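Okay, structure first, notes after.
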Amino acid sequence: MADTLREQAPPLLAPFYYRDNFQRLCDTVESRYQDLLSAAERDVLRRWRGLPLPAQCLYVRLVSRVGPWFRDDKLAYPELGDIGAALAALDAAGLLLRTADPGWPELERLFTLAEWRRAFAAELNTAPGQGKAELLAAAAALDWSPARYADCLLASTGGALVAPAELEVVELLQLLFFGNRRQGLTDFVLSDLGIANYYPYALDREQRLFSCREAVAEYQGWSQLADDYWILREAEDSEGLRALADLLLVSPLQYDTSAQRYWKLCNRLARELERQGELPLAGELYARSELHPARERLARVLEAAGDWAAARDQCQLILAGPWCEEEYEAAARILPRVCRRLGESVPARRRDTFTTLQLQLPRSDEAVELAVAHYLAPHWQAVHYVENSLMNSLFGLAFWEQIFAPVPGAFHHAFQSAPADMYQQGFRTRREEMLARRLAQLRNGPLLPELLAACRRYRGYDCRWVDWRLLDETLLWQLLCCIPAPQLLAVWERMLFDPGENRRGFPDLIALGEREGDYCLIEVKGPGDQLQDSQRRWLRFFADQGIPAQVARVVWCDD
DNA sequence: ACCAAACACGCAGCA
DNA sequence: TAGTAATATG
DNA sequence: TGCTGCGTGTTTCATATTACT
Ligand SMILES: [Mn+2]
Ligand SMILES: [Mn+2]
């Protein structure tokens, strides 16, 4: 009864919203990158704009769906009226492809098991219990010409095969709009629905991500090779992987825009080659990469190859100018090993000693972190299982304005939850002054009102750092009551030093008391779990700063 | 920050 | 027929 | 014991429909 009386909520999205989204994307790219588009590509846009509304809509539907081929008889869009007419309009504008032979894999996908059965009832003995894979194998064994299969199926089901033309142009437009390959038209929808809620930062319309068409082509080239890499790895084609490495080694890197992609691919491929024992080739790839962990892996490759002297030199190169703390520590671990091999003496590395709490707890179903939290609960006001999310969220609140500051090149489009350079060294250097001012401001005033204000002002907006499910004003009040401001500031400064590296490794639990200084960060270690390097680094830092932290080592008492 | 990832846990093999 | 994976959708 | 590599689980918008086993 209540259900029938409840008013229908108005639809969140306008009719044909997807056409409008596509048009927004096209307009933006065309005005921003007109000189990077060829005459043929601009003509595709012109032709799409000239279509009647239902045909425009259908084109957007088709390029958004898994294809490339579709059966026209299965296109069901009642709101578009006569689908045949829309297809004819697309055809006339050169935006539709038709085929009598889409290739075997597409046929497998386009027709259901029942349709295959019916179409091949005469040619094959099709038992009802037979699965699709078996039936397809039996059909393939007929060894017909490729087109004959399609003829047979279509003769049985009716309909024809169609595909949207100029898919590559659509992909190009999306790449130019977003600057990456993972975002697309769905991001418009999620934003309109409020599922994603992006902060209204100032967009940078001056700085273009791609300076020229060659830069775009280079980016697309590395993307293609990355795709090839996954296919080759999936197929366990070691010959192909070696060929890919050779190709990568003779391809020069010319544009900064795609450097990260190139280096990432070098690192990934090299790591796979390492596993296959191709050490020299892996080493060459690592030498091409300027992205961690390339230099560390090269040191390990040299060590594994028995080239102790080169491995030692590589470690010393890293130690003299590390890219990050992780790299420095790796080099500091490898160096003594190779020096021993060379008969050289090295000073022993000091071992970490962290305050440790030994616990015997009854085995239970819940996670060991929660078991410890429950064990500790009676002794504290509150114990929260937060890992990285708490300190990261506080960091986001404290530096929200700096994170979303309109720095050149930071925000290319309206669907970002962090600036483009968030995890690069340049993040800090490009915002040196405003970060210094913000730190001074936070040092001079009480923190709680600042954080409460930020929490209220920005609540709900997407930020890579902030988990709004965790934060509420009570928690902030409790936290700021217990954690002395200088200690929070020290943590934030370390996070600012390397936001990419220092966003992880925070302890599992935070236990809160009632007075300033009355709190503890606790890393839980179950049987068999070791402290990770990132966790060690934070624990060392906490010890240096006098921030209360402990490692809780749990053993199960079975009886 | 590319659900082709990032993160943390948990184990095995090796000195 | 229930459980699953993939797909399309807003 | 420390170091290393490798495999695992968790987490991604939420919901309806379709196809398959
Ligand atoms: Mn943890
Ligand atoms: Mn832990």
Side-chain angles (χ1 to χ4, degrees), chain A residues 9 11-18 21 61-62 64-67 70 74-77 79 108-116 129-135 175 178-197 219 222-223 225-234 260-261 264-265 268 271 274-275 296-297 300 303-304 329-330 332-334 336-337 340-341 348-349 351-352 367-369 387-389 392 415-424 462 464 467 499-500 503-508 523-536:
Chain A
L12 282 162
L13 303 179
F16 314 121
Y17 68 90
Y18 47 96
N21 290 340
R61 282 294 193 207
L62 293 184
S64 307
R65 284 180 53 174
V66 175
F70 299 90
K74 290 226 171 163
L75 297 174
Y77 297 104
E79 72 279 15
E108 289 190 345
R109 187 180 65 77
L110 285 165
F111 297 89
T112 68
L113 175 56
E115 288 165 337
W116 275 92
Q130 192 181 35
K132 187 166 187 178
E134 296 155 76
L135 191 150
L175 175 59
F178 289 105
N180 61 59
R181 282 201 314 165
R182 78 179 185 292
Q183 289 183 290
L185 288 171
T186 47
D187 292 74
F188 284 83
V189 184
L190 295 183
S191 176
D192 287 342
L193 288 171
I195 289 164
N197 185 21
Y219 186 99
W222 304 143
S223 302
L225 293 184
D227 291 345
D228 294 347
Y229 167 75
W230 290 110
I231 292 165
L232 291 169
R233 212 178 72 128
E234 191 74 21
Q260 290 274 127
R261 266 190 100 74
K264 190 114 185 169
L265 179 56
R268 258 206 292 254
R271 194 72 184 77
E274 269 192 86
R275 277 189 269 265
E296 173 197 330
R297 295 309 316 177
R300 293 185 194 280
E303 185 193 14
E329 291 182 358
R333 275 198 298 255
I334 299 166
R337 284 203 304 266
R340 262 195 301 280
R341 297 281 197 168
R349 295 203 309 130
R351 280 177 48 200
D352 291 317
V368 63
E369 291 85 358
E387 283 187 338
N388 302 324
S389 64
N392 284 349
F415 307 93
Q416 293 176 231
S417 53
D421 61 349
M422 186 73 248
Y423 298 135
Q424 295 167 15
D462 290 349
R464 191 79 48 75
D467 184 348
R503 80 198 129 136
R504 56 181 191 257
F506 288 101
D508 295 309
E523 172 54 39
V524 177
K525 285 297 159 197
D529 190 9
Q530 303 294 143
L531 281 174
Q532 295 159 38
D533 291 343
S534 60
Q535 296 171 334
R536 294 202 127 80

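The chains referred to below are lettered A, B, ... by the order of the sequence lines, with proteins before strands, and numbering in each begins at 1. A quick note: this is a predicted structure, and the numbers were derived from the prediction, not measured.
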Could you pull out all residues at least two apart from Tyr219(A) that satisfy ring-ring contact (aromatic ring centres under 6.0 Å, His included)?
Phe210(A)
For [X] and [N], is the shortest distance between a side-chain N/O and OP1 or OP2 below 4.0 Å?
X	N	result
Arg181(A)	dC2(B)	no
Gln532(A)	dG10(B)	no
Asn388(A)	dA6(B)	no

At under 4.0 Å between heavy atoms, how does the protein contact nucleotides 3-9 of chain C? Give one character per nucleotide, 5' to 3', with B, S or -.
-----SS
Contact string for nucleotides 2-10 of chain D, one letter per nucleotide 5' to 3', B = base within protein heavy-atom range under 4.0 Å, S = sugar-phosphate only, - = neither, reads SSSSS----
Kindly write out the residues that satisfy side chain to side chain contact (heavy atoms under 4.5 Å, CB included) with [X], not counting sequence neighbours, or none if the list is empty.
X	value
Asp187(A)	Phe178(A), Gln183(A), Tyr198(A), Phe415(A)
Glu274(A)	Arg271(A), Leu279(A), Ala282(A), Tyr286(A), Arg297(A), Val301(A)
Glu79(A)	Phe16(A), Tyr18(A), Arg61(A), Tyr77(A)

When you compare [N] with [M], how far apart are their [atom1] atoms, in angstrom units rounded to a whole number?
N	M	atom1	value
dT1(C)	dC9(B)	P	46 Å
dT4(C)	dG9(D)	P	15 Å
dT11(D)	dG10(C)	C1'	23 Å

Set of residues satisfying side-chain hydrogen bond (donor to acceptor under 3.5 Å, both in side chains) with respect to [X], sequence neighbours excluded:
X	answer
Gln260(A)	none
Glu296(A)	Arg300(A)
Lys132(A)	none

Nearest-Å distance for atom pair CD/P, residues Gln183(A) and dC2(B)
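Going from CD in Gln183(A) over to P in dC2(B) covers 11 Å.
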Return the set of residues passing salt bridge (Lys or Arg N to Asp or Glu O under 4.0 Å) with Arg349(A) (not counting sequence neighbours), or none when no residue passes.
none
Mate of dT17(D) where both pairing distances stay under 3.5 Å, Watson-Crick or G-U
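Check on dT17(D): paired to dA6(C), both distances under 3.5 Å.
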Show each protein N/O and nucleotides 16-21 of chain D N/O combination with a separation under 3.5 Å, one pair to a line.
unit_1: dC20(D); atom_1: OP1; unit_2: Leu113(A); atom_2: N; d: 3.0
unit_1: dC20(D); atom_1: OP1; unit_2: Lys132(A); atom_2: NZ; d: 2.7
unit_1: dC20(D); atom_1: OP2; unit_2: Leu113(A); atom_2: N; d: 3.0
unit_1: dT21(D); atom_1: OP1; unit_2: Lys132(A); atom_2: N; d: 3.4
unit_1: dT21(D); atom_1: OP2; unit_2: Lys132(A); atom_2: N; d: 3.1

What's the closest nucleotide to the side chain of Glu369(A) if the choices are dC9(B), dA5(B), dC2(B)?
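Comparing dC9(B), dA5(B), dC2(B) against the side chain of Glu369(A), the answer is dC9(B).
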Tabulate protein N/O versus nucleotide N/O from nucleotides 13-15 of chain B, keeping only pairs under 3.5 Å, one per line.
none

Can you tell if the side chain of Arg503(A) reaches within under 4.5 Å of the side chain of Asn388(A), non-hydrogen atoms only?
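No, side chains not in contact.
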